[in-house]
Every structure is written in structure tokens, then in C-alpha cells.
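Reviewing the structure listed below.
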Amino acid sequence: MDFQEPQATNQLDMFGVTKTISIQVAKPSEAELLADILSSGVKNKVTHGDMAWGNEPYTAEELRKRIAQGNTYIARQGDK
């Protein structure tokens, strides 16, 4: 089965501001950024007693492997 990268964008109107959000396949160059974001999420969940994501931070190397498989996505705000 072929799975194509999502191309659609959604308009979000919050407090009178319209923002465009697009979902795209993550790029290898974004692995470090994604590791930081996900690790922050893990830390926050552990702080609140939620171990659903485990208690180990994500690594850029781990995320590069996932990205290489083509199944890691990132939400982008604006026209980027």
C-alpha cells in the first residue's frame, strides 16, 4: 500500500487570528529538534506521575532512524 505525505492544511481561528497548520513528513535535519520536543514531553509526563511514554529522553539518533522509515511527521505553522 502506498502512503502519501499529507498535503492538506487546516485553518485554525483562535482569538481572531487565523493560522495555517500543515502536517508533513519530518526531515532528518529535524531529528535534534524533535528529540528536544519529545524529551520535554516525557519529562512533563513523568513529573505528573504519567509513565505512558517511559522515563527516558528521546535521542536524535533514535528519531533519525524513525524518520528514515518515513513514518514520522511534524506539524508546521505558517507557510514553511
Side-chain angles (χ1 to χ4, degrees):
M1 174 200 287
D2 268 341
F3 184 79
Q4 296 182 356
E5 178 180 344
Q7 299 293 322
T9 59
N10 297 314
Q11 295 290 322
L12 302 177
D13 190 6
M14 181 181 284
F15 305 112
V17 177
T18 301
K19 296 180 181 178
T20 301
I21 304 291
S22 62
I23 308 298
Q24 300 172 352
V25 172
K27 300 172 187 171
S29 62
E30 296 169 320
E32 195 74 41
L33 172 66
L34 289 172
D36 289 346
I37 292 168
L38 291 169
S39 294
S40 176
V42 167
K43 183 178 178 182
N44 183 57
K45 289 173 80 60
V46 169
T47 298
H48 291 92
D50 183 346
M51 302 301 289
W53 291 4
N55 61 355
E56 296 296 321
Y58 284 80
T59 66
E61 182 176 331
E62 173 186 4
L63 288 159
R64 278 188 202 93
K65 290 176 185 176
R66 290 183 183 194
I67 290 168
Q69 294 172 353
N71 61 2
T72 304
Y73 294 83
I74 190 165
R76 301 181 199 287
Q77 181 175 321
D79 297 328
K80 297 179 183 177

How is the hydrophobic cluster of I37 composed, in terms of its other members, when Ile, Leu, Val, Met, Phe, Trp and Tyr link through side-chain heavy atoms under 4.5 Å apart, directly or indirectly? L33
Under a single-linkage rule joining Ile, Leu, Val, Met, Phe, Trp and Tyr whose side-chain heavy atoms are separated by less than 4.5 Å, which residues share a cluster with W53? L34, L38, V42, V46, M51, Y58, L63, I67, I74
Qualifying residues under salt bridge (charged side-chain N to carboxylate O under 4.0 Å, His left out), relative to K65, sequence neighbours excluded: E61
Only counting residues at least two apart or in another chain, list the ones meeting side-chain hydrogen bond (donor to acceptor under 3.5 Å, both in side chains) with E62. R66
Test: side chain to side chain donor-acceptor pair (under 3.5 Å). Region: residues 25-39. Which pairs qualify, not counting sequence neighbours? E30-R76
Within residues 46-60 or reaching into it, pairs that qualify as salt bridge (charged side-chain N to carboxylate O under 4.0 Å, His left out) - sequence neighbours excluded: K45-D50
